[in-house]
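Quick one: the structure is below, and I'll ask about it shortly.
Lettering follows sequence order; numbering is per chain, from 1.
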Amino acid sequence: MKIAAWNVNSLKVRLPQLLDFLATRRPDVVCLQETKVPDDAFPSVELSAAGYRAVFSGQKTYNGVAILSRSQATDVSVGIPGFGDEQKRVIAATVEGTRVVCVYCPNGQSPDSDKYFYKLAWFDALSLWLMEELARHPRLAVLGDFNIAPEDRDVHDPKAWEGSVHVSPRERERFQALLQLGLKDSFRLFEQPEKSFSWWDYRMMGFRRNHGLRIDHILLTDALAASCTSSTIDRDMRKLERPSDHAPVLAEIGV
DNA sequence: ATGGCTTAAAAATTAAGA
């Protein structure tokens with residue numbers, strides 16, 4: 001089964017690229033972030049014509065997540081239970097026996113902002129909830145935009161980024177806490193090129209200069225990691241005209 | 001230089017992303 005996650009930065013703008021992605025990569029499951037579309041405007045018809053069903057939780061302008069799948073998704077759950085949040089950042093569903101958790105983690109803006117403390121609290125709530133989910137679902141994947149670069153090798157210029165959001169120690173502790181639940185960063189199960197990133201700044205030719213961060217991840221339980229045969233970043237999608245600032249990340253797992 | 005693009009709101013600017 002091929003699974004993918006992509007922060008599309010507006011599903012409306014990126015829909016043609018998404019349809020091309022689905023047609024050429026043929027993923028079984030795709031988790032989308034920053035759809036920025038209310039549920040009543042979700043492009044279900046276009047995706048259905050492409051052979052994908054969709055479950056989604058969106059809002060106007062900001063945030064918004066969706067899970068696309070070739071086969072029917074069941075047991076859909078929205079948000080983090082017990083964590084009151086108007087921001088649409090989480091949707092989970094079961095597809096072919098695999099629990100799929102799609103996350104758009106908060107950005108945090110800057111370490112002295114309210115949004116940073118919201119980000120830390122959000123990750124704490126996510127960890128608590130995933131602990132319960134993991135007890136129920138040995139085959140579980142958490143995919144999406146985590147807005148955390150786990151290590152310095154995930155940052156194009158660690159000195160320049162030191163202490164800022166996405167790399168600060170408290171954020172990286174939150175990422176490690178997810179791994180300590182028993183999840184594996186699928187990308188690091190394999191040899192990877194140096195300076196592999198999943199996001200590049202739109203400004204200052206960030207992509208051409210490879211000024212990026214690896215902040216989009218696919219985390220797998222041991223049961224899924226054991227059958228994982230690849231984990232890659234689809235840089236080609238970032239090369240298109242009018243791209244998202246994020247590239248899709250993909251992983252292949254045994255059925 | 002707290003900028004540099006891109007998006008969505010709305011109708012020229014502003015907020016937010018990362």
Is it the case that the side chain of E46(A) and the backbone of P16(A) share a donor-acceptor pair, with hydrogens and angles ignored and the cut-off at 3.5 Å? no
Length of the OH-P vector between Y118(A) and dA18(B), whole Å: 12 Å
Compare side-chain N and O positions of S10(A) against OP1 and OP2 of dT7(B) and report whether any pair is under 4.0 Å apart. no
Write down the distance separating the P atoms in dA12(B) and dA18(B), rounded off to the nearest Å. 29 Å
Check the phosphate of dG17(B) against K36(A), side-chain N and O only, distance under 4.0 Å to OP1 or OP2. Yes or no? no
Ranking P243(A) and Y62(A) by the position along DNA chain B of their nearest nucleotide, the one closer to 5' is P243(A)
In whole Å, what is the span from the CD atom of Q17(A) to the C1' atom of dT6(B)? 13 Å
Using a cut-off of 4.0 Å on non-hydrogen atoms, how would the nucleic acid contact of D216(A) be classed: base, sugar-phosphate, or nothing? nothing
Between C1' of dG17(B) and CG of L11(A), the distance in whole Å: 17 Å
Please report the distance, rounded to the nearest Å, between CZ in R208(A) and P in dC5(B). 12 Å
Respond yes when some side-chain nitrogen or oxygen of N9(A) is under 4.0 Å from OP1 or OP2 of dT6(B), and no when none is. no
If you measure from the C1' atom in dT2(B) to the same atom in dA16(B), how many Å do you get, rounded? 14 Å
Hey, does H137(A) have a side-chain heavy atom less than 4.5 Å from the side chain of V100(A)? no
Of the listed dG4(B), dA9(B), dT7(B), the closest approach to the T61(A) side chain comes from dA9(B)
Specify the separation, in whole Å, of atom CZ of R209(A) and atom C1' of dC5(B). 13 Å
Would you classify K115(A) as touching base, sugar-phosphate or nothing, given that sugar-phosphate means primed atoms plus P, OP1 and OP2, and contacts are heavy atoms under 4.0 Å? sugar-phosphate
Contact class for N7(A) vs. all strands (heavy atom < 4.0 Å): base, sugar-phosphate, or nothing? sugar-phosphate
Please work out which of the three classes, parallel, tilted or perpendicular, describes the rings of F207(A) and W200(A), given edges at 30° and 60°. perpendicular
Whether R14(A) contacts dT7(B) is assessed here as follows: a side-chain N or O lying under 4.0 Å from the phosphate OP1 or OP2. Is that the case? yes
Parallel, tilted or perpendicular for H166(A) and W199(A), by the 30°/60° rule? parallel
Atom CZ of R203(A) and atom P of dA18(B) are separated, to the nearest Å, by 12 Å
Using the P atom as the reference point in each nucleotide, state the distance between dA8(B) and dG3(B) in Å, no decimals. 22 Å
So, is R242(A) close to the dT7(B) phosphate, meaning a side-chain N or O under 4.0 Å from OP1 or OP2? yes
Between dT6(B) and dA1(B), how far apart are the two P atoms, rounded to whole Å? 25 Å
Which residue lies toward the 5' end of DNA chain B, N63(A) or P38(A), if each is placed at its nearest nucleotide? P38(A)
H246(A) NE2 to dT7(B) P: how many Å, rounded? 13 Å
Using a 4.0 Å heavy-atom cut-off across all strands, classify V165(A) as base, sugar-phosphate, or nothing. nothing
Can you check whether F175(A) and H217(A) have ring centres sitting under 6.0 Å from each other? yes
Heavy-atom donor-acceptor pair, N107(A) side-chain to dA18(B) base, under 3.5 Å: yes
Whole angstroms only, please: what is the CD-P distance between Q87(A) and dA16(B)? 10 Å
Are side-chain N/O atoms of E252(A) and S230(A) paired as donor and acceptor at under 3.5 Å? no
Does Y104(A) put a side-chain nitrogen or oxygen below 4.0 Å from OP1 or OP2 of dA18(B)? yes
